[in-house]
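This report refers to the structure that appears directly beneath it.
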Amino acid sequence: MTFFHKKSIMTGDASKFSSSKKKSGATSSKDGSAVPPLPTLESLSDTVVVTSGNCEPENIGSTSINLYDEKTAKIHADAKILHEEFPGITYEESIRFLTNRTMKSARKQLEAYLEWKEAYRVEQLLSESPTFQDDSEIWEYAVSHSLTFFPGVKLEKKLPRYARMVNTKPKQTAEDRKEKDSEVQKRMLYMMPGLIDIKIASLDLYALAFAMYFYLVLDRQNLEYVNILGDNRSSDGWGNHSAASLFPISKIVLKHLDHFPQR
């Protein structure tokens with residue numbers, strides 16, 4: 001998982017949202033929230049993207065950094081072992097948990113991952129997953145599932161969709177995004193923390209909804225990872241809380257993201 005912003009690089013810390021200061025008219029999304037125009041990869045052509053883990057070269061602009069190394073063969077061999085030891089995971093998940101880890105560490109992380117899935121009834125989330133028409137419906141479903149862990153909480157307004165996957169065809173399936181000629185697929189996760197409104201729900205609910213959404217939009221049988229672009233602009237009708245007041249959510253989200261290595 002890579003965090004990037006034009007002319008600046010940040011990796012590994014979701015609390016450091018980068019900002020986009022380009023001002024332009026906002027549009028409205030399907031769920032009613034005002035959404036600023038999304039940046040394009042063309043507008044980020046001078047960005048250097050640094051990837052983590054074993055993957056194919058990332059090319060944006062004129063810079064390419066290849067972190068694919070000779071350890072790959074051993075990772076795949078060990079992945080077969082873990083896949084047999086943990087029936088509840090996919091082969092691709094075993095690869096991701098092994099990357100940059102020892103077998104002992106990977107086993108420990110996988111055990112924690114399966115406990116997390118059981119605690120938040122993730123298998124139920126998948127088994128009851130309907131057919132989604134667009135990204136907003138995935139978010140609403142993630143919110144609905146997350147609310148079951150907050151008994152007594154009733155939302156007076158829709159939980160703002162502060163995270164959305166972009167740079168992919170609206171109805172593109174997970175199968176369509178499978179690697180072509182061994183190319184690891186990459187999409188952009190666009191984060192807008194300004195949409196978070198703590199008057200609507202607690203930061204814990206926002207964080208869990210994001211984790212469930214992130215789980216739903218990524219294919220477990222794929223080594224896909226995403227670039228995260230943080231946009232901390234404000235707008236009328238949004239929560240527009242200060243960075244200091246939203247800092248706790250980054251810690252909560254990162255605890256969930258521990259179960260998504262190499263994403």
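Nothing here was measured: the structure is a model prediction, and the numbers come from that model.
Counting all heavy atoms, side chain and backbone alike, D258 lies closest to Q109 at O-NE2, 3.8 Å. Closest approach of Q124 and S127 over heavy atoms only: O-OG, 3.0 Å. The minimum heavy-atom distance between H241 and I196, with the atom names listed, is CD2-O, 3.1 Å. Nearest heavy-atom pair, P248 versus S245, reported as atom, atom and distance to 0.1 Å: CD-O, 3.5 Å.
One side chain, R220 or Y215, offers a donor N or O that lies under 3.5 Å from an acceptor on the other. Side chains of T102 and S105: a donor-acceptor N/O pair is absent below 3.5 angstrom, by distance only.
Counting heavy atoms from C-beta outward, V226 and R263 have side chains that stay 4.5 Å or more apart. Considering only heavy atoms from C-beta on, R101 comes within 4.5 Å of P261 through its side chain. With contacts defined as side-chain heavy-atom distances shorter than 4.5 Å, the pair F214/V253 does not qualify. Residues L155 and L205 meet the side-chain proximity criterion, which asks for heavy atoms closer than 4.5 Å. V143 is not listed as a side-chain neighbour of M212, based on a closest heavy-atom distance of 4.5 Å or more. At a threshold of 4.5 Å between non-hydrogen side-chain atoms, the residues D204 and F150 count as touching. The shortest side-chain heavy-atom distance between N222 and E92 does not fall under the 4.5 Å cut-off. Two residues are said to be in side-chain contact when any heavy atoms from C-beta on lie closer than 4.5 Å; L114 and I89 meet this criterion.
Put simply, the side chain of H259 never gets that close to the backbone of W116: no donor and acceptor are under 3.5 Å apart. Looking only at distances, a side-chain donor or acceptor of T99 sits under 3.5 Å from a matching main-chain atom of I95. Judged by distance alone, with hydrogens and angles left aside, the side-chain atoms of Y141 form a donor-acceptor pair with the main-chain N or O of L125 at under 3.5 Å. No side-chain donor-acceptor contact under 3.5 Å links R164 to the backbone of Y190.
Of the candidates I249, L246, D231, P193 forms a side chain to side chain contact (heavy atoms under 4.5 Å, CB included) with just one, namely L246. No option in H256, R161, M191 other than M191 meets the side chain to side chain contact (heavy atoms under 4.5 Å, CB included) test with F210. Under the ring pair (Phe, Tyr, Trp, His ring centres under 6.0 Å) test applied with W139, the options F132, Y162, Y206 reduce to a single match, Y162.
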Checklist line | Evaluation steps, side chain to side chain contact (heavy atoms under 4.5 Å, CB included), between K158 and E140 | finding: CA-CA 8 Å; K158 286 186 176 181; E140 292 298 330; 3.7 Å; yes
Next item on the list: Please report the C-alpha distance between R107 and L82 in whole Å, then the side-chain angles of each, then the deciding distance to 0.1 Å, and finally whether the side chain to side chain contact (heavy atoms under 4.5 Å, CB included) criterion is met.
Entry: CA-CA 8 Å; R107 285 190 177 98; L82 287 181; 3.7 Å; yes
Note to self: Set out, in order, the CA-CA distance, both residues' side-chain angles and the distance that settles side chain to side chain contact (heavy atoms under 4.5 Å, CB included) for Y225 and R96, then state yes or no.
What the structure shows: CA-CA 10 Å; Y225 63 91; R96 291 194 291 105; over 6 Å; no
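Ring-plane geometry between Y91 and H76 is classed as tilted, the angle between the planes lying from 30 to 60 degrees on a 0 to 90 degree scale.
Interatomic distance, E224 CD to L218 CG, rounded to the nearest 0.5 Å: 5.5 Å. Rounding to the nearest 0.5 angstrom, the gap separating the CG atom in L257 from the OG atom in S250 is 10.5 Å. Taken from CD1 in I228 to CZ in R187, the straight-line distance is 12.5 Å, to the nearest 0.5 Å. To the nearest 0.5 Å, atom OG of residue S94 and atom CD of residue E84 are 10.0 Å apart. M103 CE to D78 CG: the interatomic distance, rounded to the nearest 0.5 Å, is 4.5 Å. Here the CG-OG1 distance, from L208 to T148, works out to 8.0 Å after rounding to the nearest 0.5 Å.
Under the side chain to side chain contact (heavy atoms under 4.5 Å, CB included) criterion, E111 pairs with F86, sequence neighbours left out. Residues that satisfy the side chain to side chain contact (heavy atoms under 4.5 Å, CB included) test with N240, not counting sequence neighbours, are S234, W238. By the ring-ring contact (aromatic ring centres under 6.0 Å, His included) test, H145 pairs with F149, sequence neighbours left out.
Salt bridge annotation for D197-K157: absent, with no cationic side-chain nitrogen under 4.0 angstrom from a carboxylate oxygen.
Within a 6.0 Å radius of CD in E118, other residues, nucleotides and ligands contribute 12 heavy atoms or fewer.
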